[in-house]
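Chain A is the first sequence line, chain B the second, and so forth, proteins listed ahead of strands; every chain is numbered from 1. This structure is a prediction, so every number in the text was calculated from the model and none was measured.
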There are 2 protein chains.
Amino acid sequence: MPSAHDLSIRQLQYAVAVADTLGFRKAAERCHVSQPTLSAQIRELEDVLGVQLFERDKRRVTLTRAGEIVVQRARKVLLGVDDLLNEAKRAGDPFSGTLRIGVIPTVAPYLLPEVTPAVSSKYPKLRLVFREEKTADIVRELDEGLLDAGLLALEADIGDYASAPILKDPFVVALPKGHSLAKKKKLAIDDLDDVPVLLLDDGHCFREQALAACERGGAREAAFRATSLATLAQMVSSGAGATLLPELAVEVENRRGQLDVRPLASPAPSRTIALVWRKSSPLGGPLGELAQTMRAAFRARG
Amino acid sequence: MPSAHDLSIRQLQYAVAVADTLGFRKAAERCHVSQPTLSAQIRELEDVLGVQLFERDKRRVTLTRAGEIVVQRARKVLLGVDDLLNEAKRAGDPFSGTLRIGVIPTVAPYLLPEVTPAVSSKYPKLRLVFREEKTADIVRELDEGLLDAGLLALEADIGDYASAPILKDPFVVALPKGHSLAKKKKLAIDDLDDVPVLLLDDGHCFREQALAACERGGAREAAFRATSLATLAQMVSSGAGATLLPELAVEVENRRGQLDVRPLASPAPSRTIALVWRKSSPLGGPLGELAQTMRAAFRARG
DNA sequence: TGGTTGCGATAGGATGCGCCTATCAGTGAT
DNA sequence: ATCACTGATAGGCGCATCCTATCGCAACCA
């Protein structure tokens, strides 16, 4: 609508000031403008509205009926504008309100408990909402603006995004308790050639990364594909084979000690978990700071 | 409050347009400005608010969280502005809304029934609110802006006002039915020298005007002062003396024929009933037209 | 009564804002 | 590779807004 809104907020302020002070000079003073300026703007406003708002008798100013109505409305509008300014200021603080972050399933259960307490205590006004999704979905929603950021592995196939690393997460081998390979302190990829290797289901980026690591050797994938690291660990502990796990998950998934876990000989394959956001996001700076907070919290974990 | 309201309504319109179209060019088109103009204004708005409202990715525009909030508020403000414009337009029609008119008691009961139907049918959107008060009160309230106009006698002591006459109202003599003076078709002021003349109470302008008329002869005032013409007529009909009545009141006050009413020889004293308003009132023109309508309606009375 | 003080309106001139057109730089589709 | 599209940028024009100085009028006061 191209309605002829050729009135300005300032004019409304002027009108309200005149109504309050019942005097052009006093109103002008209150608005920090000269009296002629204010007179001209009031006249302009009256012209735009097509109504006389004030009755200028020598020695006195009175509101016309139209003036009463318009000034009342103007007060409402100005209150609305004030609200807008205040809300904008509040919304301008990046560490208030809600931040929507997508997290891949092979990270969420292990990293979040470590870092969210620190974030919450550092930014009390900030509410983090995590969505657990696979990389591709996170990237899509990030792109559509449904998410503010993502927590995922930089090694995955993501697009051109800004990111800040949280932690480097080496892969380790998980074996059934007492497996013969567990006699070695460190394993090589080739050591897995003789055991079935269990991997995650399609779509999990960790599947691709583990697969890439294995392909340097001659390992073969088992027929079964797990839908979570927890299932994977369960399968391994029941003797179905071996697997690679991100070290991040070990503490949780081997909490009952049912696995034998061994590191891989360097250069050990690893993934880099990072906070990722659109390059154009105005939250860039704050998200970098948030990532820093997360990194520190993770390093200081108990 | 001199708050830094340095944002304009137009800027809010631009922001809403961008939010609606999700494109600067389309928004610019809708606002009938060039795209650079709109870009600059959005940038300016973001600067004033201290928040980025839109995320400009090449190929796409998205609202930031602050943008969502601000645009929502902006819509509210713009609706308020629209309301203001509409209300102003309505209030700008002088023949709509309410008109407060003060009427002197010696006019109200006799003139209003004659003229209000015509006014109502000619200006259906106009609501007339009449207050019956004495001249001095009407003048004061007129001055204070509590009344838009007054219906009173120009002969009274009013200040410097604009006015439009409604009718010339000659004074007539009211006598008890069958009074000896009633034998004459026309009376002179001197004829009242021998009867007590009843008059209204202080403050009624008609009292002063009747008194002035009588003083040209040698009439003497009765001890009693009536508070209304109805009382006056009642007193006269019961034989307490004679009185002057404005002709306007005769039809009503002598509706049961209990009085003998005789005109005064010319030049008969009279009063001029007029619609009166502040010279500075923006309703001047319309009130003149209203007076014209009243005059015509009175002349055409049944 | 004449001077002073208050009012809002007016005149004239400086400044800057908001607008324009023309162009650039990057993306995506053909 | 070209074309069509995005928003950002550059430069310039003109009007809107502001200022100061003044006028004309009303009220007050000596």
*Asks:* Run the side chain to side chain contact (heavy atoms under 4.5 Å, CB included) test against Lys279(A) and tell me which residues pass, sequence neighbours left out.
*Replies:* Asp160(A), Ala162(A)
*Asks:* Please report, rounded to the nearest Å, how far the P atom of dG7(D) is from the CG atom of Leu53(B).
*Replies:* 15 Å
*Asks:* Applying side-chain contact (heavy atoms from CB on, under 4.5 Å) to Val71(B) and Leu53(B), what does each step give before you reach the verdict?
*Replies:* CA-CA 8 Å; Val71(B) 165; Leu53(B) 303 179; 5.8 Å; no
*Asks:* Between dT5(C) atom P and Lys26(A) atom NZ, what is the distance in whole Å?
*Replies:* 18 Å
*Asks:* One character per nucleotide, please: for nucleotides 9-25 of chain D, 5' to 3', B when the base has a protein heavy atom closer than 4.0 Å, S when only the sugar-phosphate does, - otherwise.
*Replies:* B-------SBBBB----
*Asks:* Round to a whole Å and report the spacing from CD of Glu46(B) to P of dG7(D).
*Replies:* 13 Å
*Asks:* For Ile42(B) and dT6(D), give me the distance from atom CD1 to atom C1', rounded to whole Å.
*Replies:* 16 Å
*Asks:* Heavy atoms only: give me the nearest Ala17(B)-Cys31(B) pair and the separation to one decimal.
*Replies:* CB-SG, 3.6 Å
*Asks:* Taking CZ from Arg278(A) and C1' from dT27(C), how many angstroms apart are they, rounded to a whole number?
*Replies:* 18 Å
*Asks:* Run Leu12(A) and Leu84(B) through side-chain contact (heavy atoms from CB on, under 4.5 Å) and show every step you take.
*Replies:* CA-CA 10 Å; Leu12(A) 298 184; Leu84(B) 187 149; 4.0 Å; yes
*Asks:* So, does Arg60(A) get its side chain near the phosphate of dC7(C), meaning an N or O under 4.0 Å from OP1 or OP2?
*Replies:* no
*Asks:* Indicate yes or no: does Arg60(B) engage Asp143(A) in a salt bridge with an N to O separation below 4.0 Å.
*Replies:* yes
*Asks:* Please state how far atom CD in Gln52(A) lies from atom C1' in dG8(C), giving the value in whole angstrom units.
*Replies:* 13 Å
*Asks:* So how far is it from Leu287(A) CG to Asp148(A) CG, rounded to the nearest 0.5 Å?
*Replies:* 7.0 Å
*Asks:* Over how many whole Å does the gap from Leu22(A) atom CG to dG6(C) atom P extend?
*Replies:* 18 Å
*Asks:* Taking CG from Leu7(B) and C1' from dG18(C), how many angstroms apart are they, rounded to a whole number?
*Replies:* 15 Å
